[in-house]
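Proteins come first, then strands; the chains are lettered A, B, ... in the order of their sequence lines, and each starts at number 1.
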Amino acid sequence: MTRALSNRDIADIFLEIADRMEILGEDRFRVLAYRRAGEAIADLRMPLADYRARGALEEIPGIGKTIAEKIGVILDTGALPLAERLRAEVPDGVLDMLRVPDLGPTRASRLYRELGIASLEDLRLAVESGRLRTLKGFGPKSEERIRQGLATLAEGQQRTLLGPALATAELLLAELRAVLPAVPRLAYTGSLRRGRPTVGDIDLLAAAEDTAAVTRAFTALPQVARILGQGEVKASVLLHNGLRADLLVVAPERWGSALQHFTGSKEHNIHLRRLAQERGYSFSEQGFARPDGSLITCASEEEVYATLGLPWIPPELREDAGEFEAAAAGRLPDLIPPEALLADLHMHSRWSDGRAAIAEMAAAAVARGLRYIAITDHSAYLGVTGGLDAARLHEQAAEVAAVNAEWNARGASFRVLHGVEVDITTDGALALPDEVLATLDLVVASLHVSLRQPREQITARLLRAIANPHVDIIGHPTGRILNRRPGADLDMEAVFRAAAEHGTILEINSGPDRLDLDAAYVRRALELGVVLAINSDAHHPDELVWTRLGVLTARRGWASAERVVNTWPLERLLERAQRKGR
DNA sequence: GCCGTTTTCGGCCCGACTGTTTTCAGTCG
């Protein structure tokens, strides 16, 4: 049985069409149209087939009559003649060459047509043999950059996880503040500020009158391994930890337009500039240029959006995924603030694979201002080391009670819930019997094994767990590990509908390499009425801070505090658990 | 190829930096 094409698959078809057309030198606006269509499809939160069934394909911005027809052909036949034709004209290997830094469609096309280079391997051989230099316009610097680019690609460049990238960015900012005390404003921007789960590099912004002094100080930081580029207002470096960092410096009165510009996303900025054009302005990081060339500068981001008649749009929403329309209609979501979390409902202790005692986890949670937590050690099941059976859980209950008694005696308003992270077995049963689960305050159920079951099987398995009246929360629902494995092949629409129907909470797991559910799923789950939890899955007290990443993910998914149970008072959460039938 | 608060035609996002260029194209973000 062939699997139905996902939105992502179809988006890729259009994006590849755009790339190939660009290499062939097609009209650049036609290329742009295919690229926009591909990006629009990738951002959709419902299957394309649903749009077509409703006759709504052409309502998607960027999709008109022609591309809507092509989507129909792809949905019906699984392929597109145009794509096949282009694939014959531009081999996959030439497309691969676009991934080499500093090699774009124009030069890749010349390499293919003038030297017959049709793959990364061909390119490597051409560099080694010195043949590249024979081409007009390719000097020794180009050759060296391409050689380095090929080496980087061969290492398999992975995107950096949000958590460590934030730590590095904050370190760089602290260093810069130390050497440049007079610089009024410094911030990280880019995908880091938007809270993407992984980032390609670190983007920093500074405001200063003497811009060159700041770029010089930046490239002289001890963390810098190599300077990739340096101008009056911009610099780009490679750090010793392998991350790339870019800095832009602007005059203080242009801070707002520059912060907006450098935060992106690219798609958000393109949309914003189009809106500016409609009002007769040209917008850049300098500000709004009037037709006569005069400039309206913006010292704050609020001024940028206000000039377009819009309220400020939070960075996490800036993906051109409906935020402009929502802002114009006064319907931007009231995003969950980071300080709204009162609880953390998924963490481990030394009773299973954690590295601290329950009392230590509790103390760390109190120090973070939390009002209640759930200790959810693993159940005994295949592969999970040191999991708890019924007898051990019973013993653990006494320790939880003792920790609660201690905080109670100290007059603290704090409570440890006794929970478990129970395994969902390969057939969708739970690894502990119902009568044991009934003795606990909170049950998190998670998939850990057989994540590669076929779609129907693993979906049915998860649906069975969602329907179990003892299950309060589904932990890390898809099981993805960033940079390592995709999530299970689940029918997420069915998962969300079932969770909404049964009142089962879905987790945003805040582990830096999980962030599962991801933002797109969060948004769709909310649309279908699902309630969420943001949990650390901490195995050590220091890991409780991870929920910061979960909050960013929730905000990227347009979540308000109301829809996240960790913002609720304990009584409300327990009442909900009761209602489900525990 | 898409699209409309000057439009169904004629536009389509903008600037910095780099290299191989004697004035700018390509690439990137």
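Not counting sequence neighbours, the partners of Arg555(A) by the salt bridge (Lys or Arg N to Asp or Glu O under 4.0 Å) test are Glu316(A). Partners of His261(A) according to the ring-ring contact (aromatic ring centres under 6.0 Å, His included) rule, which considers only residues two or more places apart in sequence or in another chain, do not exist here.
Taking atom CD1 of residue Ile270(A) and atom P of nucleotide dG29(B), one finds them 14 Å apart after rounding to whole Å. The interatomic distance linking Glu285(A) (CD) with dC28(B) (C1') rounds to 12 Å, in whole Å. A straight line from CD of Glu144(A) to P of dT18(B) spans 16 Å, rounded to a whole angstrom. dC12(B) atom P lies 18 Å from atom CD of Glu22(A), rounded to whole Å. Rounded to an integer number of Å, the gap from CD1 of Ile202(A) to C1' of dG29(B) is 16 Å. Residue Glu59(A) contributes atom CD, which lies 15 Å from atom P of dC2(B) at whole-angstrom precision.
A salt bridge is absent between Glu39(A) and Arg36(A): the closest approach of a Lys/Arg side-chain nitrogen to an acidic carboxylate oxygen does not fall below 4.0 angstrom. Between Arg318(A) and Glu267(A) there is no salt bridge, since no side-chain N of the basic residue sits under 4.0 Å from a carboxylate O of the acidic one. A salt bridge links Glu527(A) and Arg524(A); the closest N-O separation between the charged side-chain nitrogens and carboxylate oxygens is under 4.0 Å. Salt bridge status for Asp12(A) with Arg8(A): present, with a side-chain N to carboxylate O gap under 4.0 Å. Residues Arg193(A) and Glu301(A) are paired through a salt bridge, judged by an N-O separation under 4.0 Å between the basic side chain and the carboxylate. Ion pairing of Arg52(A) with Asp76(A) is present here, as a side-chain N (NZ or NE/NH1/NH2) and a carboxylate O approach within less than 4.0 Å.
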Mind listing the side-chain donor-acceptor pairs of residues 78-90 of chain A below 3.5 Å, one per line with the distance, residues two or more places apart or on another chain?
none

Could you tabulate the donor-acceptor pairs under 3.5 Å formed by side-chain atoms of residues 169-177 of chain A, not counting sequence neighbours?
unit_1, atom_1, unit_2, atom_2, d
Glu170(A), OE2, Arg548(A), NH2, 2.8
Glu175(A), OE2, Gln223(A), NE2, 3.0

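Within the model, atoms CG of Asp122(A) and CG of Leu115(A) stand 10.0 Å from one another, a figure rounded to the nearest 0.5 Å. Rounded to the nearest 0.5 Å, atoms CG (Leu32(A)) and CD1 (Ile270(A)) are 7.0 Å apart.
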With side chain to side chain contact (heavy atoms under 4.5 Å, CB included) as the test, would you mind laying out the steps for Tyr34(A) and Lys70(A) before giving the verdict? CA-CA 11 Å; Tyr34(A) 277 100; Lys70(A) 288 180 166 34; 3.2 Å; yes
Test side chain to side chain contact (heavy atoms under 4.5 Å, CB included) on Leu482(A) and Asp516(A); report intermediate values, then the result. CA-CA 9 Å; Leu482(A) 292 164; Asp516(A) 175 19; over 6 Å; no
Would you check, one step at a time, whether the test side chain to side chain donor-acceptor pair (under 3.5 Å) holds for Ser191(A) with Arg196(A)? CA-CA 6 Å; Ser191(A) 46; Arg196(A) 281 197 49 163; 5.4 Å; no
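Backbone-only engagement by Ile67(A) is indicated by non-hydrogen atom pairs under 4.0 Å involving sugar-phosphate atoms exclusively. Residue contacts for Asp201(A): at a heavy-atom cut-off of 4.0 Å it reaches no nucleic acid atom on any strand shown.
Remark: dT8(B) base-pairs with no nucleotide in the shown strands. Criterion, Watson-Crick or G-U wobble with two distances under 3.5 Å.
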Got a list of protein N/O to nucleotides 19-21 of chain B N/O distances below 3.5 Å?
unit_1, atom_1, unit_2, atom_2, d
dG19(B), OP1, Arg145(A), NH1, 3.4
dT20(B), OP1, Gly139(A), N, 2.7
dT20(B), OP1, Gly139(A), O, 3.3
dT20(B), OP1, Ser142(A), N, 3.3
dT20(B), OP1, Ser142(A), OG, 3.2

Distances under 3.5 Å between protein N/O atoms and the N/O atoms of nucleotides 22-27 of chain B, please, pair by pair.
unit_1, atom_1, unit_2, atom_2, d
dT27(B), OP1, Gly104(A), N, 2.7
dT27(B), OP1, Gly104(A), O, 3.3
dT27(B), OP1, Arg107(A), N, 3.2
dT27(B), OP2, Thr106(A), N, 3.3
dT27(B), OP2, Thr106(A), OG1, 3.3
dT27(B), O5', Gly104(A), N, 3.4

Tabulate atom names and distances for all N/O pairs under 3.5 angstrom spanning the protein and nucleotides 3-9 of chain B.
unit_1, atom_1, unit_2, atom_2, d
dC3(B), OP1, Gly62(A), N, 2.7

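The stretch residues 223-250 of chain A touches DNA chain B through Gly229(A), Gln230(A), Gly231(A), Glu232(A), Val233(A), Lys234(A), each having a heavy atom within less than 4.0 Å of the strand. Of the residues in residues 28-42 of chain A, those with a non-hydrogen atom less than 4.0 angstrom from any atom of DNA chain B are Phe29(A), Arg30(A), Ala33(A), Tyr34(A), Arg36(A). Residues from residues 258-266 of chain A with heavy atoms under 4.0 angstrom of DNA chain B: there are none. Taking a 4.0 Å limit (strictly below) on heavy-atom distances, residues 298-328 of chain A does not reach DNA chain B anywhere.
Applying the side-chain hydrogen bond (donor to acceptor under 3.5 Å, both in side chains) rule to pairs touching residues 278-290 of chain A yields Arg254(A)-Gln286(A), Arg290(A)-Ser294(A), sequence neighbours excluded.
Between dC14(B) and Ser282(A), a contact under 4.0 Å exists linking OP1 or OP2 to a side-chain N or O.
Taking the six-membered ring where the residue is Trp, Phe283(A) and Phe288(A) present tilted rings, their angle falling between 30° and 60°.
Between the side chains of Tyr305(A) and Gln260(A), at least one donor N or O lies within less than 3.5 Å of an accepting N or O.
Because its NZ or CZ atom is not both nearer than 6.0 Å to the ring centre of Tyr112(A) and within 45° of the ring axis, Arg110(A) does not count as a cation-pi partner of that residue.
Here the closest non-hydrogen pair linking Leu528(A) and Glu493(A) is CD1-OE1, 4.1 Å.
Spacing between dC14(B) and dT8(B) at atom P, rounded to whole Å, works out to 22 Å.
When Arg133(A), Arg131(A), Gln148(A) are each tested for a side-chain hydrogen bond (donor to acceptor under 3.5 Å, both in side chains) with Glu143(A), only one passes: Arg133(A).
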